[in-house]
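A quick write-up on the structure given underneath.
Because only heavy atoms are used, hydrogens play no part in the values below, and waters and symmetry mates are left out as well, while side chains stay in.
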Amino acid sequence: MELLARPAAAASSSCARPSLQLPAPGTSRPRRPGFPTLRAAAAAAIAAEPQSNEQQNIIMETEVFACPVCYEPLMRKGPPGINLPAIYRSGFKCSKCNKSFTSKDIFLDLTVTAGTKEYSEQKPARTELFRSPLVSFLYERGWRQNFNRSGFPGLDEEFQMAQDYFQPIAGGILLDVSCGSGLFTRKFAKSGTYSAVIALDFSENMLRQCYEFIKQDDSLLNVNLALVRADISRLPFASCSVDAIHAGAAIHCWPSPSNAVAEISRVLRPGGVFVGTTFLSSPRNNPFSVEALRPLRQIVGPVNTSYNYFTEGELEDLCKSCGLVNYSSNVQRSFIMFSGQKPY
């Protein structure tokens, strides 16, 4: 059952920007050779920068991560920084419920079910599809490129369109939710526009593919870039903690778009910007129009197709109902890029 994400009463009640000590955008630590795997990256970092026991065991409140159960800030034991080697070498624990989170894999698992041994659950088929190793492998090797048949303008143009929307929050923290194999994650990270980029997906195999592409460019292993597994309807971030959220070709796959956009609105800082792209509802991808389905819904209840396809009016209504303002959009055939802003 979908959980309606509500901030805990003890969670941050104000949206004041916390102090975050990160390298300036576009800068990086001296590049270390190799990094064939994340374990090797961590080992190289330890060898190159020996730390005292006191430094290695330092415990601090995290810059942005929060517990997905109670939304309290996570306490972090290990080196600071939102980058792959530092997060891999760190342990995380909720300051309230004591739930622990680790990066045993190449990503930090911040789902509610992280660490469970017996319990498992299945998401809707459209969500489970992208957890498949085969689909994750194919996504950047032909699958995503076929979107141009529906009017998607192409990766470079989509990236530039998103960057235009994100201009007001340059220098802030960006979440690339439902990042897939990291097509846009890598572009955002290399742009130097943001103080940190966090790639987030529910699919373990998509995140593994994301890392496979990242490790082909050593420079990306030294910038403020992190991989996080999380549920879009239960974002593991404090309220009012991030500046920008990008969701490329994603909302039609989400189990509950309304819960997801509500969560996006919760974690954005005042003035923060959300940008998403999706397929508009059309006879090509949805043989029944909204008007045609309305009488049927009144008789038999909700009528679902494989994916959630919306009209432009529905997307605008959803954003506004979740507290976002200054809605705008760009439409090309069945493609739409839409944006909303968290009010000041």
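Looking only at distances, a side-chain donor or acceptor of S241 sits under 3.5 Å from a matching main-chain atom of A238. Without hydrogens or angle criteria, N308 side chain to W254 main chain gives a donor-acceptor distance under 3.5 Å. Within the 3.5 Å criterion, the main-chain N or O of T116 finds no donor-acceptor partner in the side chain of T113. When atom types are taken as modelled, the side chain of N83 and the backbone of A86 share a donor-acceptor pair closer than 3.5 angstrom. Within the 3.5 Å criterion, the main-chain N or O of G340 finds no donor-acceptor partner in the side chain of N326. Side-chain atoms of N148 do not come within 3.5 Å of backbone N or O of G154 as any donor-acceptor pair. Distance alone, capped at 3.5 Å, places no donor-acceptor pair between the D217 side chain and the F213 backbone. Panel note: side chain R76, backbone P79; a donor-acceptor pair is recorded below 3.5 Å. Here the side chain of S95 pairs a donor or acceptor atom with the backbone of P73 at under 3.5 angstrom. T278 contributes no side-chain N or O that, together with a main-chain N or O of I336, makes up a donor-acceptor pair within less than 3.5 Å.
Contact between P236 and A230 at its shortest, heavy atoms only, is CD-CB, 3.5 Å. Closest approach of R229 to R131, counting heavy atoms only: NH2-NH2, 3.3 Å. Nearest heavy-atom pair, C240 versus K342, reported as atom, atom and distance to 0.1 Å: SG-NZ, 3.8 Å. V228 and L207 make their closest contact through O-CD1, 3.7 Å (heavy atoms, listed as atom of the first residue, atom of the second, distance). Here the shortest heavy-atom pairing between S203 and M206 reads OG-N, 3.0 Å. Nearest approach of T277 to A249, heavy atoms of both residues: OG1-N, 2.7 Å.
With no hydrogens or angles considered, no side-chain donor-acceptor pair links Q163 and Y165 at under 3.5 Å. Looking at Q160 and D156, their side chains never bring a donor and an acceptor atom within 3.5 Å of each other.
Two rings, from F188 and F159, have their centers less than 6.0 Å apart. In this structure, F130 has its ring center closer than 6.0 angstrom to the ring center of W143.
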Review point. Taking it one step at a time, do R208 and E212 satisfy salt bridge (charged side-chain N to carboxylate O under 4.0 Å, His left out)?
Key: CA-CA 6 Å; R208 292 184 184 109; E212 286 299 312; over 6 Å; no

Review point. Could you go step by step and tell me if K99 and E72 meet the salt bridge (charged side-chain N to carboxylate O under 4.0 Å, His left out) rule?
Key: CA-CA 11 Å; K99 184 175 176 66; E72 285 294 309; over 6 Å; no

**Study point:** Stepwise side-chain hydrogen bond (donor to acceptor under 3.5 Å, both in side chains) test for S329 and E312
**Key:** CA-CA 8 Å; S329 64; E312 184 176 5; 2.3 Å; yes

Review point. Given the rule in the side chain to side chain contact (heavy atoms under 4.5 Å, CB included) test, do V177 and H246 qualify, once you have shown the distances and angles that lead to the verdict?
Key: CA-CA 6 Å; V177 301; H246 173 261; over 6 Å; no

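Between L227 and Y211 there is a side-chain heavy-atom pair separated by less than 4.5 Å. Put simply, the side chain of V112 reaches to within 4.5 Å of the side chain of R234, judged on heavy atoms. Between I173 and Y194 there is no side-chain heavy-atom pair separated by less than 4.5 Å.
Checked for salt-bridge contact, R144 and E140 miss the test: no charged N lies under 4.0 Å from a carboxylate O.
If you take CG on N205 and OG on S181, they are separated by 12.0 Å, rounding to the nearest 0.5 Å. Here H252 contributes atom NE2 and S178 contributes atom OG; the two are 9.0 Å apart, rounded to the nearest 0.5 Å.
The aromatic rings of F147 and F279 sit perpendicular, their planes meeting at an angle over 60°, well past the 30° parallel limit. Below 30°, between 30° and 60°, or above 60°: for F65 and F237 the angle between ring planes is between 30° and 60°, a tilted geometry.
Criterion: ILVMFWY side-chain heavy atoms under 4.5 Å apart, direct or through other members. Under it, Y327 and L280 are part of a common hydrophobic cluster. Grouping the Ile, Leu, Val, Met, Phe, Trp and Tyr side chains by contacts below 4.5 angstrom, directly or via other members, places L84 with L220.
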